[in-house]
2 protein chains.
Amino acid sequence: MSSPTIKDVAKLAGVSISTVSRVMNDSKPVSPEARRKVIDAINKLDFKPNELARSLVMKRSNLIGVIVKDIGISYMAQIVRGIEEIGRMYKYDILLSSTYGDIEQESKIMDFMLTKQVEGIVMISEDTNPEVIYKLKNQSAPFIHLDKFYDYEDTHTVSIDYVNASKEMTNYLIKQNHKRIIFLEEFTGTKIGKAKQKGYIDVMEENGLEAIIMNAAGINIKGGYDISEKILEKAVKEDVSAVFCAEDELAIGLLNYCYDHNVKVPENISIAGFGDVPLASIYRPSLTTVREPYYDIGAVSMRKLVKELKENQKIIDNTILPSELIERESVLKI
Amino acid sequence: MSSPTIKDVAKLAGVSISTVSRVMNDSKPVSPEARRKVIDAINKLDFKPNELARSLVMKRSNLIGVIVKDIGISYMAQIVRGIEEIGRMYKYDILLSSTYGDIEQESKIMDFMLTKQVEGIVMISEDTNPEVIYKLKNQSAPFIHLDKFYDYEDTHTVSIDYVNASKEMTNYLIKQNHKRIIFLEEFTGTKIGKAKQKGYIDVMEENGLEAIIMNAAGINIKGGYDISEKILEKAVKEDVSAVFCAEDELAIGLLNYCYDHNVKVPENISIAGFGDVPLASIYRPSLTTVREPYYDIGAVSMRKLVKELKENQKIIDNTILPSELIERESVLKI
DNA sequence: GTGAAAGCGCTAACAG
DNA sequence: CTGTTAGCGCTTTCAC
């Protein structure tokens with residue numbers, strides 16, 4: 001009826017349970033004969049060890065808790081892929097839970113995962129609540145905190161150099177002969193938001209160009225779409241030829257608006273994004289953007305976690321991964 | 001140092017561990033005084049019960065294994081959302097693992113999940129290997145098998161009525177005055193593939209129209225893109241005005257090709273898809289398609305699993321969910 | 001109401 | 001090399 005246990009195997013093989021355990025784990029020498037008998041019994045019974053029991057005594061669950069805002073958000077799914085693939089290499093499994101941005105859930109789920117004895121936690125959110133970060137930092141398991149927008153001080157994370165990435169894109173735009181460039185963001189005062197803005201402003205100033213910043217109400221496609229009318233108005237009035245969006249989602253929103261209103265991209269206006277979400281390369285015109293290496297962010301996060309777990313010490317730092325400017329169709333090239 | 005156990009709580013509260021257990025689970029009456037003392041102790045120690053130990057003795061892991069081809073595939077992520085949200089209602093957690101289509105992995109992961117004592121399994125794949133299905137059916141845990149293409153006989157799944165959905169779209173196209181309509185598919189001989197094809201052919205015949213079927217080499221954006229030149233050639237030569245793609249991905253590939261080659265959609269040619277992947281509504285022109293309710297498919301799957309678990313009996317059947325024709329821009333309306 | 005004790009399935013000394 | 005035994009942290013009889 002219920003699945004066979006190590007006892008059943010031992011009985012059938014005519015040895016003690018220790019011997020069975022030993023052949024399963026190769027933890028101690030076992031005579032060839034006993035080994036054979038055990039293996040036979042295992043096969044005959046189709047025995048599968050109960051990892052729960054194993055975890056209990058070993059005090060190692062081999063579980064990593066991944067708390068994600070919404071697994072349907074494609075870049076988050078990319079991060080999870082990275083976590084999972086590296087996790088698999090080290091025999092870690094993923095316990096996945098979504099919060100949908102609800103801070104109570106974030107907190108509850110964290111507790112719950114600890115209860116399930118996860119050995120580490122990766123929290124993938126957007127605009128994480130400070131309380132949650134506090135809690136994350138004050139619980140016992142090592143963690144990584146990944147937030148596209150909210151780069152908290154002194155948290156353990158993996159990201160790119162936002163100032164520099166933003167500079168690179170601004171420089172690129174200028175090199176393509178754009179002089180009047182709007183920077184579209186939703187300014188929330190976050191460290192990352194400031195960094196992107198700074199990169200843009202610095203380069204514009206260096207080149208004696210005026211920084212023109214506009215604000216969207218929400219970092220998503222709708223946010224980009226809704227501000228588009230104003231942007232386009234300003235563009236014709238003030239001779240703007242390019243818009244640098246702080247997030248791909250904003251750029252897609254703008255692109256959608258342009259399509260809906262017969263504005264040709266990049267002929268009439270150039271649009272650049274930031275992120276390189278999967279959609280950016282599929283959409284037409286394809287989006288010129290800065291690639292944030294989501295998969296790698298996940299993979300490196302997991303590697304760091306594994307290292308912490310192995311060395312049994314908590315680390316608090318920020319690993320910087322390289323970003324890359326991806327030239328596509330949405331920016332007019334000279 | 002290491003986290004407090006029920007013993008520590010008992011000691012601090014001056015009661016036995018049984019009493020602590022009883023207040024935690026409300027399983028038996030406890031005197032108000034003892035209850036208070038226990039609760040105090042729990043709070044003081046920030047005690048969190050070890051679910052692993054609990055699962056071991058209760059023989060209930062509260063874990064559902066979700067085996068997914070690739071969590072980065074957006075419609076799969078939508079399904080997982082549905083699974084997760086319903087799972088949460090019943091206190092089930094998600095153990096997530098990706099296979100990347102590798103059949104050895106599919107099999108290994110399944111074993112591994114059983115080892116972790118998952119109570120049920122949801123397998124979300126594409127073109128699942130028969131061996132894997134066989135194995136899925138012959139293991140002990142209840143399962144749901146979700147495959148967009150491969151509708152195996154006698155498996156436990158949740159889907160839509162493909163023949164009917166395909167008929168609906170074909171009828172719609174005809175109503176929009178299209179007479180020469182290409183059906184683009186990658187014919188793999190699967191039940192679902194046949195169903196979609198049948199829906200199209202039946203309606204075309206009913207209307208005295210010729211069925212024109214073309215084959216892509218792969219059900220993905222590239223597959224659609226690569227066959228596009230031929231399609232467009234045939235379209236001009238044979239006066240075809242619409243293409244009904246058996247999958248949204250094929251339609252997006254075709255749309256991309258049209259954009260790249262200055263073919264206007266829907267003015268020059270109308271394109272319809274099947275699926276309503278998230279991208280379909282974002283892309284411009286937005287894609288007229290058949291909505292497969294991915295989230296609901298996940299949610300209903302989980303409900304079925306919960307029911308099986310509760311009633312402790314395996315069910316093998318196919319739940320049919322309603323689909324919906326989504327009118328957007330890619331098909332020229334009269 | 002409450003505590004002592006057995007046991008979930010497994011690993012890891014310990015003694016042979 | 002192998003078996004016996006003592007737990008891992010918890011739930012659940014079974015007495016009291």
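Convention: sequence-line order gives letters A, B, ...; per-chain numbering from 1.
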Engineer: Over how many whole Å does the gap from A:K11 atom NZ to D:dG3 atom P extend?
Structural biologist: 15 Å

Engineer: Where each residue is assigned the nucleotide of DNA chain C containing its nearest heavy atom, which of B:V15 and A:V20 is assigned the position nearer the 5′ end?
Structural biologist: B:V15

Engineer: Reckon B:S21 touches a base, only the sugar-phosphate, or nothing at all at heavy-atom distances under 4.0 Å?
Structural biologist: base

Engineer: Given axes from five pairs at either end, by how many degrees does the helix from C:dG1-D:dC16 to C:dG16-D:dC1 bend, rounded to 10°?
Structural biologist: 40°

Engineer: Can you list the residues that meet the side-chain hydrogen bond (donor to acceptor under 3.5 Å, both in side chains) rule with A:R36, with sequence neighbours excluded?
Structural biologist: A:D40

Engineer: For D:dG3, take OP1 and OP2 only and decide whether either is under 4.0 Å from a side-chain N or O of A:T19.
Structural biologist: yes

Engineer: To the nearest 0.5 Å, how far apart are OG1 in A:T115 and CD1 in A:I109?
Structural biologist: 13.0 Å

Engineer: Write down the protein N/O and nucleotide N/O pairs, taken from nucleotides 6-9 of chain D, whose separation is under 3.5 Å; answer none if there are no such pairs.
Structural biologist:
from	atom 1	to	atom 2	distance (Å)
D:dC8	O3'	A:K59	NZ	3.0
D:dC8	O2	A:V57	N	3.4
D:dG9	OP1	A:K59	NZ	2.7
D:dG9	N2	B:A53	O	3.4

Engineer: Using a 4.0 Å cut-off to any heavy atom of chain B, which nucleotides of DNA chain C are the first and last in contact, reading 5' to 3'?
Structural biologist: C:dG1 to C:dG9

Engineer: Assess whether a salt bridge exists between B:K148 and B:D127, defined as any Lys/Arg side-chain N lying under 4.0 Å from an Asp/Glu carboxylate O.
Structural biologist: no

Engineer: Looking at B:R88 and B:D93, is there a salt bridge between them, counting it only when a charged N and a carboxylate O are closer than 4.0 Å?
Structural biologist: no

Engineer: Mind calculating the distance between NZ (B:K28) and C1' (D:dT12) to the nearest angstrom?
Structural biologist: 8 Å

Engineer: Mind jotting down which residue pairs meet the ring-ring contact (aromatic ring centres under 6.0 Å, His included) criterion with at least one end in residues 292-311 of chain B? Sequence neighbours excluded, please.
Structural biologist: B:Y75-B:Y294

Engineer: Would you mind checking if A:D26 and A:R35 are paired as a salt bridge, meaning a charged N to carboxylate O distance below 4.0 Å?
Structural biologist: yes

Engineer: Among all residues two or more places apart in sequence or in another chain, which pass the side-chain hydrogen bond (donor to acceptor under 3.5 Å, both in side chains) test with A:E51?
Structural biologist: none

Engineer: Of A:R60, A:K91, A:K59, which meets salt bridge (Lys or Arg N to Asp or Glu O under 4.0 Å) against A:E119?
Structural biologist: A:R60

Engineer: Which pair of non-hydrogen atoms, one from B:S27 and one from B:S21, has the smallest distance, and what is that distance?
Structural biologist: OG-O, 4.4 Å

